[in-house]
Number of protein chains: 2
Amino acid sequence: MDFKEFLEKGKDLFLPNLSVDMVIIGYENNELKCLLLQIGDKWLLPGGFIFRTESVEEATLRILSERTGLVDPHFKFLAVFGNSNRKFTEEWKPFFKEQGVSWGEDAWFNDRFVTLSYYSLVDIDKTKPVLSDMDTGFAWFKMDALPEMWMDHRDIVHAAKNRLREDVQQEHLTYNLLPEEFTMPQLHQLHQTILGEELDRSRFQKKMLSLDIFERLPKLKKDTPGRNPYRYRIKRA
Amino acid sequence: MDFKEFLEKGKDLFLPNLSVDMVIIGYENNELKCLLLQIGDKWLLPGGFIFRTESVEEATLRILSERTGLVDPHFKFLAVFGNSNRKFTEEWKPFFKEQGVSWGEDAWFNDRFVTLSYYSLVDIDKTKPVLSDMDTGFAWFKMDALPEMWMDHRDIVHAAKNRLREDVQQEHLTYNLLPEEFTMPQLHQLHQTILGEELDRSRFQKKMLSLDIFERLPKLKKDTPGRNPYRYRIKRA
DNA sequence: CTAATTTGTGTCATTTTGCCACATTTAATA
DNA sequence: TATTAAATGTGGCAAAATGACACAAATTAG
């Protein structure tokens, strides 16, 4: 579906005034990053709309899969962003006019939008971002160093960052950010990055292993000094 | 706004395909109860729609206040319910036809609705439920003994019950269910009811008091045997 | 072969938790 | 009025979890 078709048929195909935005989070070089798309000189979250024929959850999974190429990605509801003046296109009009695309005041997506935001933890190396023909580029940005973003998308990313910090203490979901096989020092460093504080290595390791959700594999062969760590992966059922 | 006006003007006033449903929870006779409204022979959650001019949060607060008469009620986001076949009115048509009200296939609220659910903890004694002219009655139902409910509203109540059980361990919000002044034994019993398990009285009391969020008031005069408990209330800032 | 580095695991003091005891206060009862 | 039963506040202690650190093992660099 190209942009023209999108403009014309969207009104009938999608639920109006409702969007889905994804904070797709990855981990690289000891830093949390999120996937952003470029439109004009600003960036925005990957997102989309809900077909009238699909559930919100199906839409979320579809949007996420379309954008990342992942088959069964992790995702979790984040929050509703529903300010009364929440509209994209006022801000976008100048940019699209340059591209020769325009639409009327009464276009379906020229209206206010309530967005349902989700966050998703992914393995960056397994993620192959796909551009739509609206965006001119994508990039993984450090979540601590975000570019100029459209609308309230920066707030959404911050909400995701804070939420991840809370969730990581309750749920075991951080392995989604790592390759299938990983080491305890890696997991340790990841948790420290998320929480922004030092965690005692010894106790972290004991606690993780006591959860009994990881299975130990043969040691990893490293080429740096120091003892080789065991590899682990999530136990299969 | 009566029902006829609601049918006619709703399309222009409200965001389409989007509703808000409230699980309003109270505590009475050592049991959790929630406020339900009656339409026909089934019950449903108090809810409403979002004016195009107001934020989602404003709508939630408005709907909650309108229905309960409370000025600054507690509320917290629960979940999105967004099944693709989520429509009320197919089920309601037979009932409203009896009442002499009818509407066309293309009426704005004959469509699919995504609902944003919230839960709210209230003091039943301070709550004065207000009926709209759609519902024929209201009642507080034990959350463990719900009546037949419209659509997926029973699922929403169950989600709220489960969520409250999680939240109570993290946040301090249960005082919203009690009068302004309460005793530790009352709070203790409330937590046991929410969690569905026994909590050691001694440790519960120590833990609560160590939070340093309650201030102790003179003892309560009881007319039952046993020592009189101290009264407490939330410390003011 | 030695030094430096990384990882796995052990130890132990401190804190938190779970469980029970006991003293105090109050209405009911004899 | 004295006794009993019940409810409440608080203390104590063993067990478990936590935090901080120590040390041995494994590995590369020199």
Side-chain angles (χ1 to χ4, degrees), chain A residues 27 29-30 165-166 168-172 174-175 178-235, chain B residues 27 29-31 165-166 168-172 174-175 178-179 181-235:
Chain A
Y27 180 62
N29 298 128
N30 287 353
R165 194 161 49 220
E166 292 169 16
V168 75
Q169 320 233 29
Q170 301 293 118
E171 298 171 63
H172 313 298
T174 48
Y175 59 85
L178 296 173
E180 267 188 49
E181 298 185 358
F182 51 87
T183 69
M184 281 300 142
Q186 279 180 306
L187 194 63
H188 177 232
Q189 181 53 55
L190 169 56
H191 278 237
Q192 289 191 144
T193 300
I194 292 173
L195 294 172
E197 65 187 47
E198 296 228 325
L199 296 173
D200 181 79
R201 193 173 53 83
S202 164
R203 216 175 58 69
F204 178 84
Q205 191 139 331
K206 279 180 224 162
K207 199 169 181 176
M208 284 299 143
L209 295 181
S210 75
L211 294 175
D212 203 37
I213 59 171
F214 303 116
E215 69 180 313
R216 180 180 277 189
L217 303 172
K219 292 192 177 183
L220 178 70
K221 184 86 188 78
K222 286 191 312 173
D223 54 353
T224 54
R227 187 170 172 172
N228 288 342
Y230 290 104
R231 288 174 295 136
Y232 290 89
R233 69 175 171 213
I234 292 290
K235 272 188 183 172
Chain B
Y27 180 62
N29 298 129
N30 287 353
E31 287 169 319
R165 194 161 50 219
E166 293 170 15
V168 75
Q169 320 234 31
Q170 302 292 119
E171 298 172 63
H172 313 298
T174 46
Y175 59 84
L178 296 173
E181 297 185 359
F182 51 87
T183 68
M184 280 300 140
Q186 278 180 307
L187 194 63
H188 177 231
Q189 181 52 57
L190 169 55
H191 279 237
Q192 289 191 143
T193 301
I194 291 173
L195 294 173
E197 65 186 48
E198 297 228 327
L199 296 173
D200 181 78
R201 193 173 53 82
S202 164
R203 216 175 58 72
F204 179 84
Q205 191 139 331
K206 281 179 222 165
K207 198 170 182 176
M208 284 297 144
L209 295 181
S210 74
L211 295 175
D212 202 38
I213 59 172
F214 303 117
E215 68 180 313
R216 179 178 278 189
L217 302 172
K219 292 192 177 183
L220 177 71
K221 186 83 187 79
K222 286 191 312 174
D223 55 352
T224 54
R227 187 171 173 172
N228 288 342
Y230 290 104
R231 289 174 295 137
Y232 290 89
R233 69 175 171 213
I234 292 289
K235 273 188 183 172

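Protein chains get the first letters and strands the later ones, always in sequence-line order, with residue 1 at the start of each.
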For DNA chain C, the residues among residues 213-234 of chain B that have a non-hydrogen atom under 4.0 Å from it: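 DNA chain C contact set from residues 213-234 of chain B: K221(B), K222(B), D223(B), T224(B), P225(B), G226(B), R227(B), N228(B).
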
K219(A) atom NZ, over 12 foreign heavy atoms within 6.0 Å: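 Buried by this count: over 12 neighbours within 6.0 Å.
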
Within 6.0 Å of CD in E171(B), more than 12 heavy atoms from elsewhere: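 Buried by this count: over 12 neighbours within 6.0 Å.
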
Protein-nucleotide distance (M184(A), atom CE; dT6(C), atom P), rounded to Å: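 The answer, rounded to whole Å, is 19 Å.
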
Q186(A) CD - dG8(C) P separation (whole Å):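 The distance from CD of Q186(A) to P of dG8(C) comes to 11 Å, rounded to the nearest Å.
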
Side chain to side chain, L190(B) and T174(B), heavy atoms closer than 4.5 Å: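 In contact.
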
Q186(B) side-chain N/O to T183(B) backbone N/O, donor-acceptor pair under 3.5 Å: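 Yes; judged by distance alone, with no hydrogens or angles, the pair exists.
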
Residue-level proximity of residues 188-205 of chain A to DNA chain D when a heavy atom falls under 4.0 Å: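 Result for residues 188-205 of chain A: D200(A), S202(A), R203(A), sorted by number.
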
Heavy-atom contact window of chain B on DNA chain D, given 5' to 3' at under 4.0 Å: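 From 5' to 3', the first and last contacting nucleotides are dA6(D) to dG12(D).
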
Ring pair (Phe, Tyr, Trp, His ring centres under 6.0 Å) involving F182(B) - partner list, sequence neighbours excluded: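 Residues passing ring pair (Phe, Tyr, Trp, His ring centres under 6.0 Å) with F182(B): F214(B).
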
Results of ring pair (Phe, Tyr, Trp, His ring centres under 6.0 Å) for H191(B) - residues two or more places apart only: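 Ring pair (Phe, Tyr, Trp, His ring centres under 6.0 Å) check on H191(B) returns F204(B).
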
Row check, Y230(A) ring normal vs R216(A) NZ/CZ: under 6.0 Å, within 45°: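 Geometry flag: set, cation within 6.0 Å and 45°.
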
Under-4.0 Å salt bridge between E180(A) and R233(A):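 Judged by the 4.0 Å cut-off on N to carboxylate O distance, E180(A) and R233(A) do not form a salt bridge.
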
K235(B) with E215(B): basic N within carboxylate O range, under 4.0 Å: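 Here K235(B) does not pair with E215(B) in a salt bridge, since their nearest N and O are not under 4.0 Å apart.
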
Salt bridge (charged side-chain N to carboxylate O under 4.0 Å, His left out) partners of K221(B), counting only residues at least two apart: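 Partners of K221(B) under the salt bridge (charged side-chain N to carboxylate O under 4.0 Å, His left out) test: none.
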
